[in-house]
Amino acid sequence: MAKVFNITTSQDEKVIKFYNQAMVELCEFYDIQWNENTPLVHIVPDRKTFNDLWEEKTENWVVGDTMGTNKILYILSPDAYEKDSIHKYSDGEYFGLIKHELSHLFCQILFDSFEPLWFTEGIAVYTSGQLERYEKPKQFSKFLEFFETLGDEAYSQAGFAVEILIKKIGKVKFLKALKEIKTPVTEKSFKEFFKKNFDIELSYKWFNENL
Ligand SMILES: [Zn+2]
């Protein structure tokens with residue numbers, strides 16, 4: 001696998017515009033003025049390079065990742081988007097992708113963990129406007145399984161679950177609570193966090209009652 005990559009500064013005005021817009025909106029949502037040392041976006045030209053960066057074969061639905069960094073995003077280029085993934089390209093879709101990945105970086109300022117994956121993905125889906133892509137579930141039944149593995153419901157169900165939670169708790173209180181998450185996060189510690197900060201027993205029952 002390749003270990004050396006060529007990078008050049010992008011002149012892609014559309015992607016630059018999406019980045020700037022997403023940053024403004026996320027600074028407002030998270031109430032964080034991220035003006036210095038701002039995130040770097042790396043546009044990856046094709047799936048092969050994506051795989052080389054990851055050092056493994058990536059799934060065909062994966063089009064962006066922070067690769068565990070707290071400052072850099074890697075996103076599949078608009079030109080390779082349809083050829084090298086299962087997604088259909090649209091400007092709205094691509095803006096959502098950039099905003100989703102940037103949202104992960106904002107979230108990491110508040111707590112330094114990607115786990116529970118359903119929770120961090122749910123926050124990224126909700127804050128990036130990607131809920132539009134999914135149909136609201138009739139019942140929650142699966143998302144809590146995705147603590148350290150990923151599946152569809154970690155995005156679709158979890159995005160709606162996070163929306164419900166933020167609307168019930170209130171955004172300010174929700175964001176304040178995130179700073180209380182201690183790492184490393186375990187399933188047990190996250191349940192305790194949930195109970196202590198939101199006064200909710202973490203289960204499908206509460207989410208279904210509030211659906
Ligand atoms: Zn994500």
Side-chain angles (χ1 to χ4, degrees), residues 22-23 25-34 37-39 62 64-73 96-131 133-134 136-211:
M23 284 299 290
E25 291 173 10
L26 289 167
C27 282
E28 193 190 327
F29 177 84
Y30 283 98
D31 198 15
I32 292 174
Q33 293 319 308
W34 195 347
N37 230 351
T38 40
V62 177
D65 205 295
T66 59
M67 295 203 13
T69 76
N70 53 19
K71 196 183 157 176
I72 304 172
L73 337 167
L97 167 68
I98 291 174
K99 199 171 177 189
H100 176 117
E101 299 302 333
L102 285 171
S103 184
H104 279 309
L105 301 182
F106 275 84
C107 215
Q108 276 184 287
I109 295 173
L110 301 175
F111 67 103
D112 190 15
S113 173
F114 277 100
E115 281 143 11
L117 289 179
W118 70 264
F119 190 63
T120 54
E121 292 303 346
I123 293 171
V125 166
Y126 172 66
T127 54
S128 61
Q130 288 178 322
L131 275 185
R133 298 163 148 204
Y134 304 107
K136 196 167 189 170
K138 297 208 169 35
Q139 204 181 12
F140 291 112
S141 60
K142 193 126 174 72
F143 72 93
L144 290 171
E145 290 171 24
F146 298 104
F147 189 85
E148 54 187 7
T149 57
L150 278 174
D152 268 359
E153 294 84 355
Y155 299 88
S156 54
Q157 286 195 6
F160 286 103
V162 165
E163 180 184 42
I164 290 169
L165 185 62
I166 291 176
K167 288 194 169 157
K168 278 276 167 192
I169 300 293
K171 191 189 83 172
V172 173
K173 196 175 163 200
F174 176 78
L175 293 174
K176 200 161 164 243
L178 297 189
K179 295 184 197 160
E180 304 298 319
I181 296 176
K182 304 272 183 293
T183 54
V185 182
T186 63
E187 297 204 48
K188 185 166 173 281
S189 76
F190 192 71
K191 274 197 167 138
E192 287 165 2
F193 155 80
F194 225 76
K195 177 75 188 154
K196 186 166 168 238
N197 287 276
F198 303 140
D199 199 21
I200 296 167
E201 297 290 345
L202 181 57
S203 66
Y204 297 116
K205 186 168 171 281
W206 184 85
F207 289 99
N208 283 325
E209 281 169 2
N210 289 281
L211 184 61

**OP:** Scan Phe143, Tyr155, Phe140, Tyr204 and name whichever one has a ring-ring contact (aromatic ring centres under 6.0 Å, His included) with Trp118.
**Re:** Phe143

Original post:
Taking 4.0 angstrom as the limit, do Glu187 and Lys191 come out as a salt bridge?
Top reply: no

**OP:** Look at atom CG of Asp31 and say whether more than 12 heavy atoms of other residues, nucleotides or ligands are closer to it than 6.0 Å.
**Re:** no

Original post:
For atom CD of Glu28, is the number of surrounding heavy atoms from other residues, nucleotides or ligands below 6.0 Å larger than 12?
Top reply: no

**OP:** Evaluate the side-chain proximity of Leu211 to Lys136: yes if any heavy-atom separation is below 4.5 Å, no if none is.
**Re:** yes

Original post:
Around atom NZ of Lys171, are there more than 12 heavy atoms of other residues, nucleotides or ligands at under 6.0 Å?
Top reply: yes

Original post:
Are Val125 and Tyr134 side-chain neighbours, meaning at least one heavy-atom pair lies under 4.5 Å?
Top reply: yes

Subject >> Test of ring centre spacing under 6.0 Å for Phe198 and Phe193 >> reply: yes

Original post:
Would you say Lys205 has more than 12 foreign heavy atoms packed within less than 6.0 Å of its NZ?
Top reply: no

Original post:
What's the shortest heavy-atom distance between Ile98 and Leu73, and which atoms?
Top reply: O-CD1, 4.2 Å

Subject >> Donor-acceptor pair between Ser203 and Glu201 side chains, under 3.5 angstrom >> reply: no

**OP:** Flag the pair Phe190 / Phe147 as yes when their ring centroid distance falls below 6.0 Å, and as no otherwise.
**Re:** no

**OP:** Answer yes or no: are there more than 12 heavy-atom neighbours, outside Lys196 itself, under 6.0 Å from its atom NZ?
**Re:** no

**OP:** Start with the C-alpha gap between Phe106 and Phe29, add the side-chain angles, then the distance that decides, and say whether ring-ring contact (aromatic ring centres under 6.0 Å, His included) holds.
**Re:** CA-CA 10 Å; Phe106 275 84; Phe29 177 84; 9.3 Å; no

**OP:** Report yes if some heavy atom in the side chain of Phe119 is under 4.5 Å from a heavy atom in the side chain of Val185; otherwise report no.
**Re:** no

Original post:
Trp206 versus Lys168: any side-chain heavy-atom pair under 4.5 Å?
Top reply: yes

Original post:
Do Lys99 and Thr127 touch side chain to side chain, with heavy atoms closer than 4.5 Å?
Top reply: no

Original post:
Are the side chain of Thr120 and the backbone of Phe114 linked by a donor-acceptor contact shorter than 3.5 Å?
Top reply: yes

Original post:
So, do Phe207 and Phe160 sit near enough that their side-chain heavy atoms are less than 4.5 Å apart?
Top reply: no

